[in-house]
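For reference, the structure discussed in these notes is given below.
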Protein chains: 2
Amino acid sequence: MNNNYELYKVFYWAAKTGSLTQAAKALYITQPSVSHAIKQLEDNFGITLFYRNPKGVSLTQEGAVLYSYIEQSQILITLAEEKMAALKNLDSGELRIGGSDSLFKHYILPYLEEYHRKYPGVRLHLNHGTTPEVISFLKEGRIDLGVVRMPITDPQLEVKESLELQDCFVAGPRYAELKDVPLSLTKLQQYPIILFSRNSRARMAITELFQSYGHTLKPEIEVGSVDLLIELARKGLGISYVTREFVSKELEAGSLFEIKLDVQLPPSQVGIMTMRSMPLSSAAVRFMELIV
Amino acid sequence: MNNNYELYKVFYWAAKTGSLTQAAKALYITQPSVSHAIKQLEDNFGITLFYRNPKGVSLTQEGAVLYSYIEQSQILITLAEEKMAALKNLDSGELRIGGSDSLFKHYILPYLEEYHRKYPGVRLHLNHGTTPEVISFLKEGRIDLGVVRMPITDPQLEVKESLELQDCFVAGPRYAELKDVPLSLTKLQQYPIILFSRNSRARMAITELFQSYGHTLKPEIEVGSVDLLIELARKGLGISYVTREFVSKELEAGSLFEIKLDVQLPPSQVGIMTMRSMPLSSAAVRFMELIV
DNA sequence: ATTGTTCATAGACGTGATCTATAGCTCCTG
DNA sequence: CAGGAGCTATAGATCACGTCTATGAACAAT
């Protein structure tokens with residue numbers, strides 16, 4: 001009694017339509033094939049499933065019992081196929097992105113809006129965390145892709161550089177005297193420096209830079225949010241180290257200005273990380289296409 | 001996207017075991033076959049269903065969605081197959097018999113007891129009614145077989161004669177003077193006759209017999225139950241026309257005696273009716289075997 | 001009678017599921 | 001570090017079996 005499950009599909013349609021001929025049409029096969037399939041089922045079970053009437057077929061007692069199970073089963077399969085089709089053309093599904101709040105706000109957000117407009121059926125999840133946390137999320141399968149600062153060296157990860165950012169020091173009107181005057185690192189350190197407190201890539205990069213010039217960077221203030229970093233600089237509490245692209249509005253408006261240095265600050269790359277071994281969901285693939 | 005449902009069986013086992021190799025073993029096919037089947041599903045959907053890990057496979061997001069549907073579907077099919085096996089070897093199912101109460105009580109009952117002992121899983125239904133009613137039940141598919149008096153001439157019905165009965169007149173001690181004295185029909189009619197009231201085969205037969213001898217049978221009392229027929233005769237209220245085999249106990253005990261007639265009363269046949277066009281359920285087939 | 005249904009059966013055909021063999025990969029172990 | 005033991009993927013050959021066409025048989029309706 002090892003039935004090919006395909007036979008149940010035939011049985012389902014035969015029972016549902018009450019006609020082997022109709023079932024054949026629904027399944028795009030010929031009537032003898034249906035006849036044969038039903039016969040197989042009946043032989044395998046050793047039970048007659050249909051009465052053969054002059055104008056079709058009808059279920060026997062036992063056939064009706066079988067149908068009560070098979071009907072549900074077939075409906076589930078149909079639903080499954082519809083669901084998969086929906087997932088494929090992104091009428092449903094979900095996209096889970098990991099990264100820092102600032103990147104979300106200033107880089108990812110416009111793409112997310114566009115994505116959501118195109119695929120309103122896809123549920124969006126944002127998980128913020130530090131770069132190592134985001135990598136963990138990825139490896140645990142909790143997110144589809146991560147948006148972080150380079151460099152990432154993990155061999156398990158596929159990283160695609162997608163955006164170049166330039167970090168810089170900015171200050172508010174209070175320090176107007178520094179405007180347009182190239183500053184040395186030594187001079188800079190005489191002012192209160194405001195840095196991002198968390199162990200971020202950007203923080204590490206600037207610390208290393210100072211060290212390579214023989215300086216030690218000691219921030220006056222440390223904050224946990226990029227927005228706060230900007231706010232504090234505007235209010236004149238010090239000089240903030242921020243990503244230039246994230247303060248473009250303030251720079252244009254004049255509420256902040258960039259401090260020129262006599263050394264070149266290295267640009268930083270933003271990369272999109274994915275797990276090398278894990279195939280991307282369609283939802284994620286489309287987002288990647290969008291962002292490039 | 002027109003998947004062979006057999007593929008879902010493979011998918012189910014692959015997902016369930018987390019290993020194509022294990023799935024292959026469960027399905028008694030080879031690992032490449034499983035590999036191939038999964039690939040087909042993935043190609044047809046255009047969606048990757050499994051992550052290929054070094055020690056097996058695991059479901060992707062989309063694969064997990066599919067699994068949630070397919071798992072239910074497959075469980076239903078498994079249940080269906082178990083149910084059908086149970087129906088086949090009569091661990092479940094039902095047997096529905098139509099007939100008269102007297103035949104149930106005096107003829108069918110012992111077979112029903114034996115049947116129930118052999119197949120306790122089969123639910124038994126008895127539907128009593130007159131012969132035409134039983135025939136209707138059969139044609140409406142409300143019973144599997146009918147037990148009735150012959151003759152039955154309906155061409156749609158298959159009838160198997162299974163028992164010969166002899167109807168006779170019986171009386172109680174009150175009429176002891178009639179014992180062992182052959183009686184003519186004319187004489188008989190001088191006594192109060194008790195007949196079954198309903199339009200039964202037995203009643204029709206005896207009425208016809210009287211007519212063939214130029215008499216008209218006018219019962220003093222009519223009752224609707226064979227038991228009452230017997231009871232009234234015992235109490236001396238008249239002479240009952242009953243089936244000899246159904247009063248064998250009373251005849252032996254002496255509470256009733258048979259009245260000899262100078263004419264031969266024709267025997268009557270009991271037949272088991274089934275619908276010619278409808279295959280019998282296994283439960284019914286077994287019962288037929290038992291009763292023959 | 002005749003025509004149009006229905007399902008069943010027989011036999012031929014060809015696809016496609018399954019097989020064997022093998023490669024590539026990771027992990028574990030001596 | 002080499003070798004073994006897992007795992008899955010791929011290629012190519014084979015043949016079972018699902019599907020087809022053609023036909024029959026039974027029944028209903030015109």
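In what follows, chains are A, B, ... by sequence order, proteins preceding strands, each numbered from 1. Keep in mind that what you see is a predicted model, and the values were worked out from it rather than measured.
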For nucleotides 5-11 of chain C, 5' to 3', base contacts (B), sugar-phosphate-only contacts (S) and non-contacts (-) with protein non-hydrogen atoms under 4.0 Å give -SBBB--
Residues pairing under side chain to side chain donor-acceptor pair (under 3.5 Å) where one sits in residues 60-69 of chain B, two or more places apart or in two chains, turn out to be A:Asp144-B:Gln61
Charged N-O contact under 4.0 Å between B:Arg52 and B:Glu42: yes
Hits for ring-ring contact (aromatic ring centres under 6.0 Å, His included) against B:Tyr115, two or more places apart or cross-chain, chain-then-number order -> B:Tyr119, B:Phe287
Residue set satisfying ring-ring contact (aromatic ring centres under 6.0 Å, His included) with A:Phe137, at least two apart, ordered chain then number -> none
By ring-ring contact (aromatic ring centres under 6.0 Å, His included), A:Tyr111 pairs with (sequence neighbours left out) A:Tyr107
Residues at least two apart in sequence or cross-chain that pass side-chain contact (heavy atoms from CB on, under 4.5 Å) with A:Val10, listed by chain then number, are A:Leu27, A:Val34, A:Ala37, A:Ile38
Applied to residues 266-275 of chain A, the side chain to side chain donor-acceptor pair (under 3.5 Å) test, sequence neighbours excluded, yields A:Arg149-A:Ser268, A:Glu164-A:Gln269
Does B:Thr30 make a side-chain N or O approach to OP1 or OP2 of C:dT18 shorter than 4.0 Å? no
Rounded to whole Å, the CD1-C1' distance (A:Ile29 to C:dT15) equals 15 Å
Outermost contacting nts on DNA chain D, any atom under 4.0 Å from chain B heavy atoms, listed 5' then 3', are D:dC7 to D:dT10
For A:Thr131, the side-chain contact (heavy atoms from CB on, under 4.5 Å) test, sequence neighbours excluded, returns A:Ile135, A:Val148, A:Ile152, A:Arg201
